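Quick notes on the structure that follows.
Everything numeric in this text was worked out from a predicted model, so none of it was measured.
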Amino acid sequence: MANSPKNISSLMCELSVALADLAEKMSNLAINLENQYLDSDAEEPVALMEAARSTIEKAKSS
């Protein structure tokens, strides 16, 4: 069963919106990671790992 061009076009629009939303969330995640790292007084590797883990957990729960 073939999909009509109208249905495929609609799906492509939905995909485009979803990808734009994902790109924004990934950008926000990167910014949050960087800000947490810069605000941290811990040793560089520890601060980076903790900031990454915290932000990744927050992203998973949203």
When rounded to the nearest 0.5 Å, the distance separating CG of L33 from NZ of K58 is 10.0 Å
Rounded to the nearest 0.5 Å, what's the gap from CD1 on I31 to CE on M26? Could you check?
12.0 Å
Applying side chain to side chain donor-acceptor pair (under 3.5 Å) to E34 and not counting sequence neighbours gives none
Would you compute the distance between atom OG of S27 and atom CD of E24 and round it to the nearest 0.5 angstrom?
7.5 Å
Taking the side chain as every heavy atom from C-beta outward, state whether C13 and V17 have any pair of such atoms under 4.5 Å apart.
no
For the CG atom of L22 and the CG atom of L15, what is their distance to the nearest 0.5 Å?
10.5 Å
For K25, give me all partners under side-chain contact (heavy atoms from CB on, under 4.5 Å), at least two apart in sequence or on another chain.
D21
Could you tell me which non-hydrogen atom of L29 sits nearest to which non-hydrogen atom of T55, and how far apart they are?
CD1-CG2, 2.7 Å
